[in-house]
Protein chains: 2
Amino acid sequence: MAMRKPPSRPTIAEIAKQSGVSAGAVSYALNGRPGVSDETRKRILEVAREVGWVPSTAARALRGGGTATLGLVITREPDVLGIEPFFMSFVAGIEKVISARGYALLLQVTPDPERELQTYREWWSARRVDGIFVTDLAIDDQRLPIINEIGLPVVVVGDPAFSDGLPAVGSDDAAAANAAMERLAELGHKRVAHIAGPERFVHTHVRSDAMARAGERLGIQVVAEVNTDYSVAAGTAACHQLLDGANPPTAMVFDNDLTAIGAVRAATGRGVEVPGQLSVLAWDDSPLCELTVPALSALSRDVSAYGADAATMLLNVVNGSAEVKSVRSSVARLVDRGTLGPAPR
Amino acid sequence: MAMRKPPSRPTIAEIAKQSGVSAGAVSYALNGRPGVSDETRKRILEVAREVGWVPSTAARALRGGGTATLGLVITREPDVLGIEPFFMSFVAGIEKVISARGYALLLQVTPDPERELQTYREWWSARRVDGIFVTDLAIDDQRLPIINEIGLPVVVVGDPAFSDGLPAVGSDDAAAANAAMERLAELGHKRVAHIAGPERFVHTHVRSDAMARAGERLGIQVVAEVNTDYSVAAGTAACHQLLDGANPPTAMVFDNDLTAIGAVRAATGRGVEVPGQLSVLAWDDSPLCELTVPALSALSRDVSAYGADAATMLLNVVNGSAEVKSVRSSVARLVDRGTLGPAPR
DNA sequence: TGTCACTACTCAATCGATTAAGCATACGAA
DNA sequence: TTCGTATGCTTAATCGATTGAGTAGTGACA
């Protein structure tokens, strides 16, 4: 078995020796600080480039200079993760921003919020991350006060009104609700059902409120508010239940794509034509929506851009760039693919 | 604006002061090494627990003790990532193993192999990771010799026969091909098409070879080998092309689920019944397969367990546990959901 | 000629954990 | 009594980058 000789990783001391100056001078030169002549600086930079020097994150972190690492904990059952396109796109968006600035993303998947908090504590104590993203914002979220107490720099991904004063990026769900309801109004729908997500999430409430208000404004009756667990089966069940009821709705708006898919299947399965007799709209768009027949109309967000915005904000928080203001970044756009039609008479 | 007072993160020095011993003694106690009396050790551990001490990864890394971090670079266009359930499940599997042992996962998404290699170099130079996972193994993979040269501990996710001597976890595609072909033989199929993935991937070749050999053994003619880019459109196109040809196959095996979905849609769209007139089988299973009508039969792997195996192996490599042997870990199981039927006469 | 200001450095301490080496103290054996 | 020697510590150096505190050397100016 051949012995591998790992190439030595160049340090500032090495560069100092080769340049004939002290380590301190090298540090000044490499960081663009005054204290070295232009000529020496040039020579040092040249040597650094030659030996392929990269600063040791460990040493910098130890000095208290930050770790150039941001953290994201995803609390989900591993199996569920596979089908949720949100996180991968979100992560990709984060990456685009932070990798360009030399930051890396530390990822952890935990099964419950308990261990999620534990992870934050350990990351902070061990100086593993400079800041974190908090997703899945819940009503009266227990995590926020604790994170605040720990003092961990954070950006909350969710509605700023519920972020407990912490900087947040949210999506403008009210605008999306308006767009959706306006379209449904144009199509003549008067009775619309809203099949929402789990009650504990902030965005579930925000969306329900927005739907109700938009309905009032446009003269549309939001006939039902159902909470689901986002599964296909829940969508199927909700659809059957609503269609079986007295005076069923002519359109259904679902808080995510899976439930909408379940509903379309349930409807067509019992002979209710989509969109002929029933219009269906999914709130979260994903590639899944294009795979069903008929392709699912959805309120589409640029999740990757959402992640990018969150990352930009967290970098500002971490670097203490003035005051960081919460924003509603992501705006959903209605993409009509074929499950929206005029209200049946 | 309230000033946040971040709680001080406890260090060994702090514990030493409170316990009335030196920092060295504390280190011995905390690491279970000899050098302190049982009584002192107990007292030190008690204090450490009280103040919630967590070792500073930065300090340990600086001493050369490793960073307790493993790295995964995913080379994909951000948009494509959302629909690929593989990586999220794989990551979840990795997490399950490594987080239990105090390791974290550093994730990077890059658009091309060039920057992937650049990331490896920087990670190693900056001592950011102790080891990496390499996925998407290609024929004559350019990354392997470079990674080998850098000396970065690695586990290759792919067929060990193509891992250039580096430790690898692969899936037993030959066994899967046998299972698939045996089932098709039972159903009386004599003419089967194999619609493969991009030619550059190792597993594309492995699968094609395995299909051909299994066909020979079972008296099944593998009538076509088509390479696709894994997209739905490619599956649709391949299906049409094959059905239009002289003497079309009675069954089609696809290297991934998206192309299979495209094919099912193409077939039913032109009046070819699935599975009545055409059987369809997807190699990679995903939640997508259960969403189509009819639900797609697939060769299903436990991707999460695959990730867990890779993680276990990488931890062994990193900790230098004896010699690490490559394995074929993941075995696909044929899940018949409704797109397999007897060959039409 | 003295001194003040400035440039371009070097020196040394620091961050937190680890570990080889050193140093008391106690105990047992000769 | 005295010499090992084992035990239980402490000391100090180390990893790599940073930075406040010096310190030579140069030039200007009164």
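Side chains included, hydrogens not; waters and symmetry mates left out as well; all remaining heavy atoms used. Here the structure is a predicted model, which means the values were calculated and not measured. A note on names: the letters A, B, ... follow the listed sequences, proteins ahead of strands, and every chain is numbered from 1.
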Chemist: Can you tell me if Arg63(B) touches the phosphate of dT19(C), counting only side-chain N or O atoms and a distance under 4.0 Å to OP1 or OP2?
Modeler: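 No.
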Chemist: Grab the N/O contacts between the protein and nucleotides 6-10 of chain C below 3.5 Å, and write none if there aren't any.
Modeler:
residue: dC9(C); atom: OP1; partner: Thr40(A); partner atom: OG1; Å: 2.8
residue: dC9(C); atom: OP2; partner: Ser37(A); partner atom: N; Å: 2.7
residue: dC9(C); atom: OP2; partner: Ser37(A); partner atom: OG; Å: 3.2
residue: dC9(C); atom: OP2; partner: Thr40(A); partner atom: OG1; Å: 3.1
residue: dT10(C); atom: OP1; partner: Ser22(A); partner atom: N; Å: 3.2
residue: dT10(C); atom: OP2; partner: Ser22(A); partner atom: N; Å: 2.7
residue: dT10(C); atom: OP2; partner: Ser22(A); partner atom: OG; Å: 2.5

Chemist: About how many Å separate CG of Asn319(B) and CG of Asp130(B), when rounded to the nearest 0.5 Å?
Modeler: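 Spacing of CG (Asp130(B)) from CG (Asn319(B)) equals 8.0 Å.
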Chemist: Strictly below 4.0 Å, N to O, side chains only: are Asp140(A) and Arg200(A) in salt-bridge contact?
Modeler: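 Looking at Arg200(A) together with Asp140(A), the answer is no, because their closest N to O distance does not fall below 4.0 Å.
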Chemist: Return no unless some side-chain N or O of Thr11(B) is found under 4.0 Å from OP1 or OP2 of dG16(C).
Modeler: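 Answer is no, no contact under 4.0 Å.
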Chemist: Nearest whole Å is fine: how far is dG16(C) P from Arg128(A) CZ?
Modeler: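 That distance rounds to 17 Å.
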Chemist: Give a yes/no on whether any side-chain N or O of Trp53(B) is located under 4.0 angstrom from OP1 or OP2 of dA17(C).
Modeler: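 So the side-chain polar atoms of Trp53(B) do come within 4.0 Å of the phosphate oxygens OP1 or OP2 of dA17(C), strictly under.
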Chemist: Calculate, to the nearest 0.5 Å, the distance between atoms CE and OG belonging to Met88(A) and Ser304(A) respectively.
Modeler: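 Reported to 0.5 Å precision, the distance equals 12.5 Å.
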Chemist: When you check the gap from the basic side-chain N to the acidic O, do Arg43(A) and Glu46(A) get nearer than 4.0 Å?
Modeler: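 Not counted as a salt bridge, because no side-chain N and carboxylate O are separated by less than 4.0 Å.
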Chemist: So which of Thr312(B), Val156(B), Val155(B) actually passes side-chain contact (heavy atoms from CB on, under 4.5 Å) with Val169(B)?
Modeler: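 Passing option: Val155(B).
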Chemist: Scan Ser27(B) against the nucleic acid and name what it touches under 4.0 Å (heavy atoms): base, sugar-phosphate only, or nothing.
Modeler: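 Base: the residue Ser27(B), judged by heavy atoms under 4.0 Å, touches a nucleobase.
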Chemist: Atom CD in Glu116(A), atom OG1 in Thr75(A): separation rounded to 0.5 Å?
Modeler: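 Answer for the CD-OG1 pair, Glu116(A) versus Thr75(A), is 3.5 Å.
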Chemist: Taking five pairs at each end of the helix from dT1(C)-dA30(D) to dA30(C)-dT1(D), what angle separates the two helix axes (nearest 10°)?
Modeler: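 Overall, the helix from dT1(C)-dA30(D) to dA30(C)-dT1(D) bends by 70° from one end axis to the other.
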Chemist: What's the spacing between Gln108(A) CD and Trp123(A) CH2 if we round to 0.5 Å?
Modeler: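 If I round to the nearest 0.5 Å, the distance is 5.5 Å.
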Chemist: Can you see whether Glu122(B) engages Gln118(B) through a side-chain donor-acceptor pair at a distance of less than 3.5 angstrom?
Modeler: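 Side-chain D/A pair, Glu122(B) to Gln118(B): present.
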Chemist: Find the distance Ile15(B):CD1 to dT18(C):C1' and express it as a whole number of Å.
Modeler: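 Interatomic distance, CD1 of Ile15(B) to C1' of dT18(C): 14 Å.
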Chemist: Could you state the atom-to-atom distance from CZ of Arg127(B) to C1' of dT14(D) in whole Å?
Modeler: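 Computing the Arg127(B):CZ to dT14(D):C1' distance gives 13 Å.
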Chemist: Base, sugar-phosphate or nothing for Arg60(A)? Non-hydrogen atoms, less than 4.0 Å.
Modeler: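 Since only primed, P, OP1 and OP2 atoms lie under 4.0 Å of Arg60(A), the category is sugar-phosphate.
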Chemist: Please walk me through it: do Thr69(A) and Arg128(B) pass side-chain hydrogen bond (donor to acceptor under 3.5 Å, both in side chains)?
Modeler: CA-CA 10 Å; Thr69(A) 305; Arg128(B) 283 197 100 132; 2.5 Å; yes
Chemist: How close or far is atom C1' of dT14(C) from atom CG of Leu62(A), stated in whole angstroms?
Modeler: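 Leu62(A) atom CG is separated from dT14(C) atom C1' by 9 Å.
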Chemist: Just the rounded figure in Å: distance from P of dG16(C) to CD1 of Ile12(B).
Modeler: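 Going from Ile12(B) (CD1) to dG16(C) (P), I get 11 Å.
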Chemist: Using a cut-off of strictly less than 4.0 Å, decide whether Asn31(A) has a side-chain nitrogen or oxygen near OP1 or OP2 of dA17(D).
Modeler: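 Answer no for this pair, as no side-chain N or O of Asn31(A) is under 4.0 Å from OP1 or OP2.
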